[in-house]
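Structure, as structure tokens:
Because the structure is predicted, anything quoted here is derived from the model rather than measured. Note that ligands are numbered from 1 as they come in the structure, with each ligand's atoms numbered from 1 the same way.
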Amino acid sequence: MITACYVSHKCPRCGGEVIFDQKATGVQCRYCGAGMVVLGGRSAWLNFLIKPKIAVKDTAHEVTKIAQKSGWKPPLLRSVIPFYLPFYRITGQAIKWVKGEKRDKVYPHGRIVEDVKTRHFDLMRPAHTDMSAGLFSPGVRAQTLHLFLATRENAGGVPFLPIQVKKDSFRERVNHSTAEGLDAPGLMITEEKTFLIWERHSILYFPLSLVEVREGERIRLLLLDSVSGKLVRQIGYQEMETLLGNLGIGGSKSPGEGRLKLVPLICPECAGDLDSSTKAVVRFCLRCGRGWESKGTRLRERECLWAGTEVMTRQEGVIFLPFWRRNTGEQSWLVPAFGVRSPHLLYNLSRRYYKARFPAEAIPYNCRLRLKSLSAEIPPDEADEMMEVVAHTDDREAVQIKGSRQSLVLVPFRRSGPDLVDQYHGLAVPTGSLEVGL
Ligand SMILES: [Zn+2]
Ligand SMILES: [Zn+2]
């Protein structure tokens with residue numbers, strides 16, 4: 001489910017390079033040891049760049065290799081102009097629910113079955129159109145290489161080509177690709193619905209170079225991939241003129257940092273230390289017990305309740321699992337907030353707990369610091385998306401987002417065989433499916 005994608009940023013305390021997974025909510029600086037919360041990474045369209053691997057001075061060597069492969073005469077390098085080409089990127093989960101008739105040997109007259117399939121998607125399309133890179137796409141390299149925030153400093157003065165495609169038209173163009181491959185073979189479908197959840201957007205600047213070479217009597221204009229050194233394609237003079245024009249206009253501007261920010265792991269209320277997990281979306285203060293989540297570029301307190309008692313905090317083997325709860329006063333809806341390895345299982349657990357009722361009271365301060373709990377790793381907006389999926393696919397009463405209150409509820413569980421079983425309904429969560437080891 002999770003594909004690692006590393007982001008480099010500067011430590012606000014010592015200036016060292018901090019590297020973390022794009023999905024991380026917290027990070028520790030390996031130079032000065034400072035713990036930090038990553039703010040703003042979830043909601044904004046962040047601008048990233050991939051740094052070139054082929055330096056301008058090494059370009060001649062790459063061009064010689066290309067010439068040998070293509071059977072050209074030994075080329076003479078005339079100029080190298082490095083630049084960044086922007087791509088839109090969207091990642092997320094597609095959930096496809098289908099209902100239909102299935103016929104097989106056991107049921108020759110058919111029976112109604114339901115099926116749910118999930119898929120992680122990671123799609124990229126050029127955001128600049130004046131210069132086409134042909135079929136070239138950064139592809140999986142965005143997942144395997146470090147991403148840096150697209151600042152002028154990180155770009156080392158190399159110019160950025162301007163964005164020319166609207167965000168909306170990018171969304172339209174990739175929409176049909178998000179649920180590709182989620183078919184249900186052998187099923188006569190009568191009803192189906194696809195949900196896109198947990199979407200994240202970014203703009204990824206990929207390094208290319210325009211290389212002008214003389215080969216005998218002719219001049220060739222080569223577009224080079226500055227990560228692999230490979231030839232993307234040859235371009236014409238007209239295209240080069242346009243490219244140079246665009247670099248002249250947009251080149252001096254930096255796309256900015258988006259809103260990614262690193263702040264110290266300190267409770268805004270009492271200045272105590274905050275829980276230093278790298279994945280928690282709500283962090284508890286280790287001194288006052290308040291729960292904090294990131295809202296834009298700052299920390300905001302989140303209401304945290306529990307279904308426990310003081311006695312439970314002292315019982316051996318009791319562990320609290322966090323759930324997101326929507327509550328209107330009369331009704332409530334629940335979905336897991338803890339991290340689960342597969343979205344399919346998270347969907348099944350969400351169905352199981354959707355209308356489960358637990359007590360939910362404010363956690364007494366003297367208990368907050370003592371209770372053992374898993375971190376909430378599903379952000380509140382993603383929990384809302386999952387509630388909608390459950391309501392639609394399981395014929396359940398729809399959750400009332402408007403007019404309801406969203407809180408984190410810690411529910412006591414006890415280990416029983418391979419499962420964690422809750423104290424109230426005996427509903428089980430398989431421990432092997434959790435993102436954390438227990
Ligand atoms: Zn540092
Ligand atoms: Zn505090």
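The one candidate from T328, I401, D384 that meets the side-chain contact (heavy atoms from CB on, under 4.5 Å) condition with W333 is T328.
Taking the six-membered ring where tryptophan is involved, the planes of Y205 and F160 are perpendicular, since the angle between them exceeds 60° and thus also 30°.
Taking CZ from R298 and CG from L39, the interatomic distance works out to 10.0 Å, rounded to the nearest 0.5 Å. To the nearest 0.5 Å, the span separating CE on M36 from CD1 on I266 amounts to 11.0 Å. The CG atom of L231 lies 13.0 Å from the NZ atom of K65; values are rounded to the nearest 0.5 Å.
Salt bridge status for R370 with E310: present, with a side-chain N to carboxylate O gap under 4.0 Å.
Across all non-hydrogen atoms, the minimal contact from S404 to R326 is OG-CD, 3.0 Å.
The SG atom of C11 and the SG atom of C14 subtend an angle of 110° at the Zn ion (ligand 1), given to the nearest 10 degrees. The SG atom of C29 and the SG atom of C32 subtend an angle of 110° at the Zn ion (ligand 1), given to the nearest 10 degrees.
Panel detail: the Zn ion (ligand 2) has protein N, O or S atoms under 2.8 Å away, 4 in number.
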